[in-house]
Amino acid sequence: QVQLVESGGGSVQAGGSLKLSCTTSGLSNRDDYLVGWFRQAPGKERGPVGAIHLDAGWTYALDSVKGRLTISRDSAKSTVYLQLSGLKPEDTAMYYCAAGTIMPYRGGPLAAAQYHIWGQGTQITVSS
């Protein structure tokens, strides 16, 4: 079975940094996967933050966070990390990781439709 587990969220002061982890299990080594990060704040729609091609390591980021975002994966290509620096109150949200085999006509790496496996989320709260 495929499972994604997020960790690393918490409450931080504005200007701080957090590094989230998404640990994967059960992904087939025969397929190419994208692993994406999405977030949802209260009263707002879920939106993308960034993504990584799990095998090749290519990364993608939302323009609004590109300068503060680092997405990486471990050498085993089983854990994906999202590091956000210079945290702002508007970064407060539930953060989800998601995985999906690469599909055409799904909107690209930052589109939710690209993903069919989702974690339970981890909360980031940024205080001013």
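Just so you know, residue 1 is the first one in the sequence shown, and it goes up from there.
The NZ atom of K77 sits 12.0 Å away from atom OG1 of T24, with the distance rounded to the nearest 0.5 Å. With rounding to the nearest 0.5 Å, the separation of CG in D31 from CG in L54 is 11.0 Å. To the nearest 0.5 angstrom, D32 atom CG is 11.5 Å from L27 atom CG. The structure places NE2 of H53 at 6.5 Å from OH of Y60, a figure rounded to the nearest 0.5 Å. Taking CD of Q3 as the reference point, atom OG of S25 lies at 5.0 Å (rounded to 0.5 Å). One distance of note links CZ of R39 with CD of Q123; it measures 12.0 Å at 0.5 Å rounding.
A cation-pi arrangement is present between R46 and Y96, with the terminal nitrogen or guanidinium carbon under 6.0 Å from the aromatic centre and inside a 45° cone about the axis.
Closest heavy-atom contact between A56 and R73: C-NH2, 3.7 Å. Scanning both residues, L4 and I117, for their nearest heavy atoms gives CD1-O, 3.4 Å. Here the shortest heavy-atom pairing between P89 and A14 reads CD-CB, 4.3 Å. When all heavy atoms of D74 and Y81 are compared, the closest pair comes out as N-CE1, 4.0 Å. Scanning both residues, G108 and Q114, for their nearest heavy atoms gives O-CB, 3.6 Å. Between A99 and V35 the shortest heavy-atom distance is CB-CG2, 4.2 Å.
The same ILVMFWY cluster, assembled from side-chain heavy atoms under 4.5 Å apart, contains both L62 and I52. Under a hydrophobic-cluster definition in which Ile, Leu, Val, Met, Phe, Trp and Tyr are linked whenever side-chain heavy atoms come within less than 4.5 Å, directly or via other members, W37 and W118 are assigned to different clusters. I71 and V65 end up in the same hydrophobic cluster when Ile, Leu, Val, Met, Phe, Trp and Tyr side chains are linked at under 4.5 Å. In the hydrophobic clustering of ILVMFWY residues, with side-chain heavy atoms under 4.5 Å counting as a link, V5 and V2 come out apart.
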(message) Is there a side-chain contact (heavy atoms from CB on, under 4.5 Å) between V49 and F38? Walk through the geometry before answering.
(response) CA-CA 5 Å; V49 182; F38 294 78; 5.6 Å; no
(message) Walk me through whether L34 and M103 qualify under side-chain contact (heavy atoms from CB on, under 4.5 Å).
(response) CA-CA 10 Å; L34 289 167; M103 301 285 188; over 6 Å; no
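Counting non-hydrogen atoms of other residues, nucleotides and ligands closer than 6.0 Å to CD of Q120 gives a total of 12 or fewer. Around the CD atom of E90, the shell of radius 6.0 Å holds more than 12 heavy atoms that belong to other residues, nucleotides or ligands.
Although no hydrogens or angles enter the test, the distance criterion places no donor-acceptor pair under 3.5 Å between the side chain of E6 and the main chain of T122. Remark: side-chain polar atoms of Y115 are not paired, donor with acceptor, to backbone N or O of T101 under 3.5 angstrom.
In this structure the side chain of S11 reaches within 4.5 angstrom of the side chain of S127, judged on heavy atoms. Two residues are said to be in side-chain contact when any heavy atoms from C-beta on lie closer than 4.5 Å; L84 and Y95 meet this criterion. With contacts defined as side-chain heavy-atom distances shorter than 4.5 Å, the pair L20/Q83 does not qualify.
Checked against I124 for a side chain to side chain contact (heavy atoms under 4.5 Å, CB included), the options L18, L82, T92 give a single hit: L18.
A salt bridge is defined here as a Lys NZ or Arg NE, NH1 or NH2 lying under 4.0 Å from an Asp or Glu carboxylate O, and D91 with K88 fails to meet this definition.
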